[in-house]
Engineer: 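Next up is a structure, given as structure tokens.
Numbered from 1 within each chain, the chains take letters A, B, ... in sequence-line order. Heavy atoms only: backbone and side chains are in, while hydrogens, waters and symmetry mates are out. Bear in mind that the values here come from a model prediction, so they are computed numbers and not experimental data.
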Amino acid sequence: MTKEKLLLLDGNSLAYRAFFALPLLTNDQGVHTNATYGFTMMLDRMLNEVKPTKVLVAFDAGKTTFRHETFKEYKGGRQKTPPELSEQFTYIRALIDAYHIKRYELPNYEADDIIGTLAREATTQGMDVIVVSGDKDLTQLVNDYVTVNITRKGITEVDVYTPAFVEEKYGLTPKQIIDMKGLMGDSSDNIPGVPGVGEKTAIKLLKEFTTVENLYENIDTMKPSKMKEKLIANETQAYMSKQLATIHLEAPLTIALDDLTYQGADEEALVQFYQEMNFKTLLDKMEVEEVSTVDEDFTVETVTDLTKQHLKAHMALHVELANEHYHTCDILGIGLANGEKIYYIPFDVARQSDDFKEWLASETVNKYVSDSKAALASLSRFGFTVKGVDFDLLLAAYIDNPARNGEDVAPLVKDYGYMNIESNEAVYGKGAKWKLPTEEALALHIGRKAHSIYTIKNKVEEALKNKEQFTLYKDLELPLALILGRMEVQGICVERKTLEAMGEQLQTKLAIIEEEIYTLAGEKFNINSPKQLGVILFDKLDLTVIKKTKTGYSTAADVLEKLKDEHEIIVHILQYRQLRKLQSTYIEGLLKEIHEDQKVHTRFQQALTATGRLSSTDPNLQNIPIRLEEGRKIRQAFVPSQPDWVLFAADYSQIELRVLAHMSNDKNLVEAFKEGMDIHTRTAMDVFHVAAEEVDSNMRRAAKAVNFGIVYGISDYGLSQNLDITRKEADTFIKKYFEVFPGVKTYMEESVAIAKKQGYVTTLLNRRRYLPDLNSSNFNVRSFAERTAMNTPIQGSAADIIKKAMIDMNARLEQEQLQARLLLQVHDELIFEAPKEEIAILEKIVPEVMERTIALHVPLKVDYSSGLTWYDAK
DNA sequence: TTGTTCACG
DNA sequence: ACGTACGTGAACAAC
């Protein structure tokens, strides 16, 4: 049998060391992790190096110990443990548990005493003992069988104390370390020692007298000196100090050496722990081992004839797509898994299976998917209908933490500890290097995805249930995915010829302006290049530099606006920029996106934004121009898909401010909305103390800007920029606003305070956003996080509301058996198309459903209109 | 790929 | 003293 090795770690001391040695790291959920990380590194290293047969981590039990009976002030005057550290002990304990390592604490005793007692017992049984601590006190335990490792500056660097090392370092035996402490004391433990005696003197004395006892017995032999007087005066204190510094080797432990046997870690629990902590390096180290071990018994069956025997009632379904453009791209294959079987189905095989078609369309057959919207949209192009989606990994993971990005299955399941899977990039390559792998590799990749989704479902759902987010996911996001999918597949008609005609007009105008600019500049240059434009404006024409960017002069619109009076060229540049934007993004860009059916089919990203909003891509239909008339005309190209149909648009009025009124419950703001008056005018009246009819356009404009600022998490600087006033004036506005709406002020402060405490903010429907940056030591980073803490509950709750309205609206349309259908969502508005005969009923039910979807302390208000084009539905 | 600008809510 | 309003996507230039 190999020799037994006992590894003993001083938990508290190592955690402290790690905490102060490493910068204050956090994971994505805002939990501090530096001490945990340092501790993990140390533990990992020791286990690998020592390869112990028994391990224990000892902790201090509480504030008072038997030493306090001797000396009340023992360890007195210590700084309180920083909260950033104390919160980490929970995780350190969890880590130790994941390793299946025993941890132990004993009331009235310190970790030192536990370690000392066990070390003594182990040596009597002939074991080797390795102690790890950040505290040199432990070195008194050193002997031929006990080695003590003390951390040095970093965290994984240690000094190895053997009897020889102690001798070399102090010229003393390990036992004499206690005597040394008795004489010199220890300021960190508040052990007094003999005043005036430091390390040097203590060592000198002990070399002569060996022990404290012997020193006092022979004190008469010392020559008279100040030192001698001090020693004599402090004799009892010296004995007491020695006693305090002595590690108790007979602590009444309730565990035995046999309980400490180490048989290796719970790998799965460790992976999960590293995931939670965001310990990338440690995780990567594990993955290599994991994949190679689990890989072997993983078989994916390639199906050549897909029939009922393959299709079960609860299965993971994965539709593998060639890229993210699921409205146009190829389907590379289908994966199915049910915990027993894993199938890869070439898409050509799937297409020919009527059983598969029926299985997909069955409401009662539960499918577990990741990105169900992409699956149902892509399959719909081949005549498949998908129903019965019971789980969507992408959405669930997004609700769990919206900071996640990307739809690849591998990183998602890895976040929940499932490792036997490869990333898309690893299988296909990236960008220009993208290529199909062999069918074998493809089958494995698709099979793995399906299997991982099946495997991870319960764990993910459990996580959401524990955070009370399951309802948000299951009753809001999951049904919404279906609705969004239908909207995307339905598409909205865009008239090519209308856009083309606008494009030609624009081109003519642009050519004229372009010439004008070249004439005024005295040369040709690329007006679209901020760099070249900067040279013309600020070097050649010598205009005032208002703002600089990282790379040079800023030529942004707000800057140019201020330079209007300095040179005639400015207005032309502004005009050029505006028209050029329309031409490239909205005319040319949109034309490229029109499909054969004359429609554009956007993709609504449902698992992307940090706040819970949707976003829209290819094309982005959430930023079609409206503010300026020239741009607004683009909307004339958006038309209904059938003759005698019209577009119907309904938008929430001031939804974010209403949400703010609700969440803050500010008396005045709630009152304002109940009155039903224009909110910006009403704000102006209150802030400027004037009557309604005295509010001029400037006052209203200022009030509006303040209202916006409030929603964004106001700062005087931001407001000053927006209103082009001084910071001081902006500050005065804000102060006045908060005087009038004190409840809003309190609410904002509380939002930040709560977020700091719990690490995240929440919305009306319990959506979360984690804000680790709230504890940043960088002013800018921290301020940003604070504004986010104020804005996200507002923006996110508004997003919750309209999402719920979409679900309610969809149900209502079905219930009323209307042909009307939802086409677009633009954050606070819904756009439908409907036969014109249905408009009267839509005018009744759409506002009704939208306004009633969630009851707030203030009414929700919906405005609506309809027309033959999107432009006319205003 | 990164930075700047500008379209929307 | 610090220097940004919150949330997005697309086009373009310049590395």
Engineer: Hey, where on DNA chain B does chain A first and last touch, going 5' to 3'? Cut-off is any atom under 4.0 Å from a heavy atom.
Structural biologist: B:dT1 to B:dG9
Engineer: When we call it a touch if two heavy atoms are under 4.0 Å apart, what does A:Asn722 touch: a base, just sugar-phosphate, or nothing?
Structural biologist: base
Engineer: Side chains of A:Thr555 and A:Arg577: is there a donor and an acceptor less than 3.5 Å apart?
Structural biologist: yes
Engineer: A:Ala557 near the nucleic acid: base, sugar-phosphate alone, or nothing, with a heavy-atom cut-off under 4.0 Å?
Structural biologist: sugar-phosphate
Engineer: Looking at DNA chain C, which of residues 745-764 of chain A put a heavy atom within less than 4.0 Å of it?
Structural biologist: none
Engineer: In terms of side-chain geometry, is the basic nitrogen of A:Arg700 or A:Asp678 positioned less than 4.0 Å from the acidic oxygen of its partner?
Structural biologist: yes
Engineer: Please tell me whether A:Gln606 and A:Glu477 have a donor and an acceptor in their side chains that are separated by less than 3.5 angstrom.
Structural biologist: yes
Engineer: Just to be sure I understand the rule, does A:Asn623 reach a base, reach only the sugar-phosphate, or reach nothing, if contact means heavy atoms closer than 4.0 Å?
Structural biologist: base
Engineer: With the threshold set at under 4.0 Å for non-hydrogen atoms, list the residues of residues 625-632 of chain A touching DNA chain B in residue-number order.
Structural biologist: A:Pro625, A:Ile626, A:Arg627
Engineer: I'd like the C1' distance from C:dC2 over to B:dC6, given in whole Å.
Structural biologist: 28 Å
Engineer: Pairing donors with acceptors under 3.5 angstrom, does anything connect the side chains of A:Gln825 and A:Lys803?
Structural biologist: no
Engineer: At the 4.0 Å heavy-atom cut-off to chain A, mark where contacts on DNA chain C begin and end, going 5' to 3'.
Structural biologist: C:dC2 to C:dC15
Engineer: Does the side chain of A:Arg727 come under 3.5 Å of the side chain of A:Ser720 through a donor N or O and an acceptor N or O?
Structural biologist: no
Engineer: Report yes or no: do A:Asp539 and A:Tyr553 form a side-chain donor-acceptor pair below 3.5 Å?
Structural biologist: yes
Engineer: Is it possible for you to check whether A:Arg769 lies under 6.0 Å from the centre of the six-membered ring of A:Tyr760, through NZ or CZ, and within 45° of that ring's axis?
Structural biologist: no
Engineer: Between A:Glu488 and A:Lys373, is there a side-chain N and carboxylate O pair less than 4.0 Å apart?
Structural biologist: yes
Engineer: So, A:Glu729 and A:Thr726: side-chain donor and acceptor under 3.5 Å apart, yes or no?
Structural biologist: yes
Engineer: Check every strand shown and say whether A:Ala798 touches a base, only sugar-phosphate, or nothing at a heavy-atom separation below 4.0 Å.
Structural biologist: nothing
Engineer: Could you tell me whether the side chains of A:Gln636 and A:Glu495 share a donor-acceptor contact shorter than 3.5 Å?
Structural biologist: no
Engineer: Scan A:Tyr717 against the nucleic acid and name what it touches under 4.0 Å (heavy atoms): base, sugar-phosphate only, or nothing.
Structural biologist: base
Engineer: Run through DNA chain C and report every stem of 3 or more consecutive Watson-Crick or G-U pairs, distances under 3.5 Å, ordered by first number.
Structural biologist: B:1-9 with C:6-14
Engineer: Assess the side chains of A:Thr788 and A:Asn791: does a donor N or O sit below 3.5 Å from an acceptor N or O?
Structural biologist: no
Engineer: Name the nucleic acid region contacted by A:Asp618, choosing base, sugar-phosphate or nothing; use a 4.0 angstrom heavy-atom cut-off, strictly under.
Structural biologist: sugar-phosphate
Engineer: Under the side chain to side chain contact (heavy atoms under 4.5 Å, CB included) rule, what do A:Leu563 and A:Glu566 come out as? Steps first, then yes or no, please.
Structural biologist: CA-CA 5 Å; A:Leu563 296 172; A:Glu566 289 195 27; 3.6 Å; yes
Engineer: By nearest heavy atom, map A:Ser715 and A:Ser615 onto DNA chain C; which one lands nearer the 5' end?
Structural biologist: A:Ser715
Engineer: Do A:Phe733 and A:Phe688 have ring centres separated by under 6.0 Å?
Structural biologist: yes
Engineer: Please list residues of residues 535-556 of chain A whose heavy atoms come under 4.0 Å from any atom in DNA chain B, ordered by number; otherwise none.
Structural biologist: A:Thr549, A:Lys550, A:Thr551, A:Ser554, A:Thr555, A:Ala556
Engineer: Under 4.0 Å between any heavy atoms, over every strand shown, what does A:Leu614 touch: base, sugar-phosphate, or nothing? Just pick one.
Structural biologist: nothing
Engineer: Distance alone, cut at 3.5 Å: any donor-acceptor contact between the side chains of A:Ser615 and A:Thr609?
Structural biologist: no
Engineer: For B:dC8 versus C:dG3, give the span between their P atoms, rounded off to a whole number of Å.
Structural biologist: 31 Å
Engineer: If we ignore hydrogens and angles and just use 3.5 Å, is the side chain of A:Ser664 paired with the main-chain N or O of A:Asp666 as donor and acceptor?
Structural biologist: yes
